Amino acid sequence: MASSIFNFLLTFLALSNLVFLSQSQATSAPFKPDGLALPVFKDSATGLHITNITKRTPQQSIPLLIDLNGKFLWLNCEKNYLSSTYLAPFCHSTQCSRFGSHSCNKCFSTTPRPGCHNNTCAVTTTNPLTSQTATSEVAQDSLSIQSITQSGSNFGPFVTIRHFLFACSPSSLLQGPFPNNIQGVAGLAHGSVSLPIQLASHFGFPRQFSLCLPSSSQKNGAIYFGTSGLNGTHTGNLTYTPIIIGSQGEYFIPVRSIRVNNRPVPLNHSSLISTRTRNFGGGMISTTAPYTALEHNIFTTFTQFFANQSSGVSQVNPISPFGLCFNSSNSSSTNVPNIDFVMQNKNVTWTIVGTNSVVEARPGVSCLAFVDGGQNPKAPIVIGVYQLEDNFVEFDLVRSRLGVSSSLLSRNTSCSNFNFTSKSSFVNEME
Ligand SMILES: *[C@@H]1O[C@H](CO)[C@@H](O)[C@H](O)[C@H]1NC(C)=O
Ligand SMILES: *[C@@H]1O[C@H](CO)[C@@H](O)[C@H](O)[C@H]1NC(C)=O
Ligand SMILES: *[C@@H]1O[C@H](CO)[C@@H](O)[C@H](O)[C@H]1NC(C)=O
Ligand SMILES: *[C@@H]1O[C@H](CO)[C@@H](O)[C@H](O)[C@H]1NC(C)=O
Ligand SMILES: *[C@@H]1O[C@H](CO)[C@@H](O)[C@H](O)[C@H]1NC(C)=O
Ligand SMILES: *[C@@H]1O[C@H](CO)[C@@H](O)[C@H](O)[C@H]1NC(C)=O
Ligand SMILES: *[C@@H]1O[C@H](CO)[C@@H](O)[C@H](O)[C@H]1NC(C)=O
Ligand SMILES: *[C@@H]1O[C@H](CO)[C@@H](O)[C@H](O)[C@H]1NC(C)=O
Ligand SMILES: *[C@@H]1O[C@H](CO)[C@@H](O)[C@H](O)[C@H]1NC(C)=O
Ligand SMILES: *[C@@H]1O[C@H](CO)[C@@H](O)[C@H](O)[C@H]1NC(C)=O
Ligand SMILES: *[C@@H]1O[C@H](CO)[C@@H](O)[C@H](O)[C@H]1NC(C)=O
């Protein structure tokens, strides 16, 4: 009897606790954003794109390279990492297994510092520009990001995740052709701890994000999480194609053929098949390749075909790394033939217009902005950033599809049409 009363009391306490919790959530409900946005800047020296992420306590703005195929966020912790909220989970903890890390870190220094503790967990981190690797400590710290409210109608306040998971790397890993001042890499790949997946799980919005990379280094573009941009970011419909996820979380799409000026480039069908995606099709999307790279034989055929379709324009000696260049005095982005990547069927195309296919390599010389990917590239076609700029590209991981607008300039808009508000308003998340 006594024990049943005791049980009743326990149950009652547990229930009232639940009621209390839900009430406290209702009365001081944490602000729940409909989506999030990060500003994106183009580095004119490398053509690559950067985002500034607000992290740590006190908050600091940290410039990171955007890597669509990176599995997580990593940064240099060896230099000036000061934060009162830094936390490194113990090895074999749930955070470590979420990161896919099953090994324990060892720090040979006598004084612990961010990135260097004993019995935390270790992960192998890869530099996307050099493929160099290093062992990094799995860590957590606060991250703040601008919200989008009212179903994508406007920017809202900044929201904070207190325990964002990332990898804390040695500074030696940041060697390579990075934009100046870069402190790490923001990985957007399909993986349990990549930036879009952590944000979606934390805030409970759909696993969906969109890239809108700016073509100008003067005005920012954006990455949107959880919504399809802001209203008016792209007007009109997107063209959708299936996405397949590679073994490392990379994004592939089926490019079955290429057309120039509406005429098919005479490519060997088998050359467009990627063995890495079980015969799915040859396109991988990358934000660490400045220009689209084509497998060597595809590159040769494509370049010759493009030259023939542009026969009115005088060619000049190509400038490395390009294979075909023209005298700019009688070629402009408006008289360049369109290039179509034909996807799952002939009606579904990603059209590359002149602003995304021709680049002024030197004053007076414009070049076809495609490069030779060699004999054994990661995919027959690696679609690079120059071809992504001013295109709205939506990664819908719920429906496993990619939506693309083609050039927003032909819809009289661009990726630089929205001003981010200043960081005045913060909403601190409750936990
Ligand atoms: C990004 O952050 C760095 C370091 O805080 C700062 O120097 C730079 O001006 C920021 N860039 C932009 C475009 O806000
Ligand atoms: C880690 O442990 C080793 C001994 O196994 C010790 O020499 C070293 O100082 C420790 N490092 C830290 C940061 O505690
Ligand atoms: C989106 O549309 C709403 C209503 O039309 C408007 O109030 C809001 O300012 C728009 N947002 C942006 C960022 O243009
Ligand atoms: C957009 O797609 C919807 C539904 O598929 C269709 O009804 C509409 O006509 C399309 N609009 C344009 C501008 O193509
Ligand atoms: C197409 O590829 C096959 C096998 O790789 C090769 O034997 C054939 O010569 C190629 N055809 C052309 C037109 O390049
Ligand atoms: C160039 O195109 C013309 C027709 O557009 C075609 O007759 C000719 O064979 C092509 N030349 C090459 C080298 O592809
Ligand atoms: C471009 O210039 C070349 C040589 O100056 C000339 O032969 C050709 O007709 C010009 N093409 C156009 C489209 O103006
Ligand atoms: C481009 O054409 C103009 C006029 O035909 C000529 O003066 C100039 O030297 C050419 N430029 C190159 C790089 O060939
Ligand atoms: C492509 O579009 C044409 C014309 O709209 C249509 O007749 C055809 O069935 C479509 N093909 C596919 C594979 O959807
Ligand atoms: C874009 O603007 C130009 C000139 O302002 C206009 O001629 C064209 O129709 C517009 N295009 C669209 C898709 O609104
Ligand atoms: C963005 O800001 C710039 C300068 O601060 C201003 O000229 C421009 O009109 C703004 N654009 C929008 C869409 O508000």
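Ligands are counted one by one from 1 in listed order, and the atoms in each one are counted from 1 as well. Keep in mind the model is a prediction, meaning the values are calculated, not measured.
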Subject >> Ligand-side contact atoms (ligand 8) for residue partner Asn327, heavy atom cut-off under 4.0 Å >> reply: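 Contacts of ligand 8 toward Asn327, numbered from 1: 1 (C), 2 (O), 3 (C), 8 (C), 10 (C), 11 (N), 12 (C), 14 (O).
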Could you check [atom] against the protein and tell me its nearest heavy-atom contact, residue, atom and distance included?
atom	answer
atom 6 (C) of ligand 2	Asn118 ND2, 4.2 Å
atom 13 (C) of ligand 2	Ser109 O, 3.3 Å
atom 11 (N) of ligand 9	Asn347 ND2, 3.0 Å
atom 5 (O) of ligand 2	Lys106 NZ, 3.0 Å

Any donor-acceptor pair under 3.5 Å linking the side-chain atoms of [Y] with those of [X]?
X	Y	answer
Asn127	Thr130	yes
Asp390	Ser215	yes
Asn338	Thr351	no

**OP:** For atom CZ of Arg362, decide whether the heavy atoms of other residues, nucleotides or ligands shown that lie under 6.0 angstrom number more than 12.
**Re:**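 For Arg362, atom CZ is not crowded (no more than 12 foreign heavy atoms under 6.0 Å).
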Original post:
Within 4.0 Å of atom 2 (O) of ligand 9 (strictly less), any protein heavy atom?
Top reply: yes
Original post:
Any protein heavy atom lying closer than 4.0 Å to atom 9 (O) of ligand 9?
Top reply: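 There is no protein heavy atom less than 4.0 Å from atom 9 (O) of ligand 9.
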Original post:
Does an N or O anywhere in His117 fall below 3.5 Å from an N or O of ligand 2?
Top reply: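 In fact, backbone or side chain, His117 has no N or O that close.
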Original post:
Going by distance only, is there an N or O of Phe108 that falls short of 3.5 Å from an N or O of ligand 2?
Top reply: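 No; the residue has no nitrogen or oxygen that sits under 3.5 Å from a nitrogen or oxygen of the ligand.
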Subject >> Cys121 and Cys104 SG atoms less than 2.5 angstrom apart >> reply: no
Original post:
Closer than 4.0 angstrom: is that true for some heavy atom of Ser329 and an atom of ligand 8?
Top reply: yes
**OP:** Could you go through the salt bridge (charged side-chain N to carboxylate O under 4.0 Å, His left out) check for Glu250 and Lys378 one step at a time?
**Re:** CA-CA 10 Å; Glu250 318 95 312; Lys378 281 191 182 152; over 6 Å; no
**OP:** Determine the minimum heavy-atom distance between Ser286 and Thr288, stating which atoms define it.
**Re:**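 Here Ser286 and Thr288 meet closest at OG-N, 3.1 Å.
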